[in-house]
Amino acid sequence: MVSQQALFAPEPVALLHDEEGGIRYLPESIPADTAQAWFEAALRNVGWLSQQRMMYEREVAVPRLLATFAREADDLPAPLGEAFEAVRALVGAPFNRVGLNLYRDGSDSVALHSDKTEKLVPAQPIAIVSLGATRRMSIRPKAGAGAGAGAGRIVHVELEAGSCLVMSYASQFTHEHGIPKLAGMTEPRISLAFRCFSG
Ligand SMILES: O=C(O)CCC(=O)C(=O)O
């Protein structure tokens, strides 16, 4: 018998097509109570770092807090062990690294960028799980990038708690993604960005 939940499970949304699965938004991939428990545990257990970067010859703080862990790390804090297994099973990729972002409020952000591919395993996707407050992601074609369905358009997607955004390795060469600042947002959001590192 099909459960009520399965009947009403929201459908994945294809935001971009390419030969490696493009960019897909999978709403409600993690049950709401689990997503909330992961959010609280990550907020509490992760050693969040504030990083500096150079901008116009001045050191400025990166506008969000960061952390990164290898799957095999001895000091993997909860809920990352459970999250690795769940997202590996959900997406079917051998993720071995997770980068965490904590957006404390709407003045935290990440500028449009594509992920550095030098250390990634080619053809393996990147999966971003959202926890806490909903924030908008913008996805923009790179100048001069080849055609594909959706080429030329900026796409915005509201990343809700429990969702998983899956981006192909190939899309890092054609598109940029970012989380713009959001006036009036006072609630925090955490993203878990799972990647497959080589070596
Ligand atoms: O927080 C997000 O959803 C995006 C994170 C991101 O772009 C990154 O970690 O490279």
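Just so you know, residue 1 is the first one in the sequence shown, and it goes up from there. Start at 1 and go down the list; that is how both ligands and their atoms are numbered.
The side-chain hydrogen bond (donor to acceptor under 3.5 Å, both in side chains) test with His113 is passed by exactly one of Gln172, His177, Glu176: His177. Screening Ile30, Leu159, Ile190 against Ser130 for a side-chain contact (heavy atoms from CB on, under 4.5 Å) leaves a single residue, Leu159.
Taking every non-hydrogen atom of Met137 and a distance limit under 4.0 Å, the qualifying atoms of ligand 1 come out as 3 (O), 4 (C). Proximity to Tyr103 (heavy-atom distance under 4.0 Å) selects the following atoms of ligand 1: 1 (O), 2 (C), 4 (C), 5 (C). Atoms of ligand 1 lying under 4.0 Å from at least one heavy atom of Asp115, given by number and element, are 10 (O).
Among protein heavy atoms, the minimum distance from atom 3 (O) of ligand 1 is reached at Arg189 NH2, 2.9 Å. In terms of protein heavy-atom proximity, atom 8 (C) of ligand 1 is closest to Arg195 NH2, 3.5 Å. Atom 9 (O) of ligand 1 has its closest protein heavy atom at Asn101 ND2, 3.1 Å.
The side-chain heavy atoms of Trp38 and Glu82, taken from C-beta on, include a pair separated by under 4.5 Å.
The number of heavy-atom neighbours closer than 6.0 Å to CZ of Arg58, taken from other residues, nucleotides and ligands shown, is 12 or below.
Residue contacts with ligand 1, taken as heavy atom pairs separated by less than 4.0 Å, do not involve Arg135 at all. Proximity of Leu159 to ligand 1, defined as any heavy-atom pair under 4.0 Å, is confined to the side chain (atoms from C-beta onward). Looking at Gln172 against ligand 1, nothing comes within 4.0 Å, counting heavy atoms.
The aromatic ring centres of Phe84 and Phe194 sit less than 6.0 Å apart.
Using a 3.5 Å distance cut-off with no hydrogens or angles, the side chains of Lys181 and Ser109 do pair a donor with an acceptor. Checking Asn101 against Ser191 by side-chain atom types alone, a donor-acceptor pair falls below 3.5 Å. For Lys119 and Ser198, the side-chain atoms include no donor-acceptor pair closer than 3.5 Å.
Among Arg64, Arg136, His113, the residue whose heavy atom sits closest to atom 6 (C) of ligand 1 is His113.
Contact annotation: Lys116 has no heavy atom less than 4.0 Å from any atom of ligand 1.
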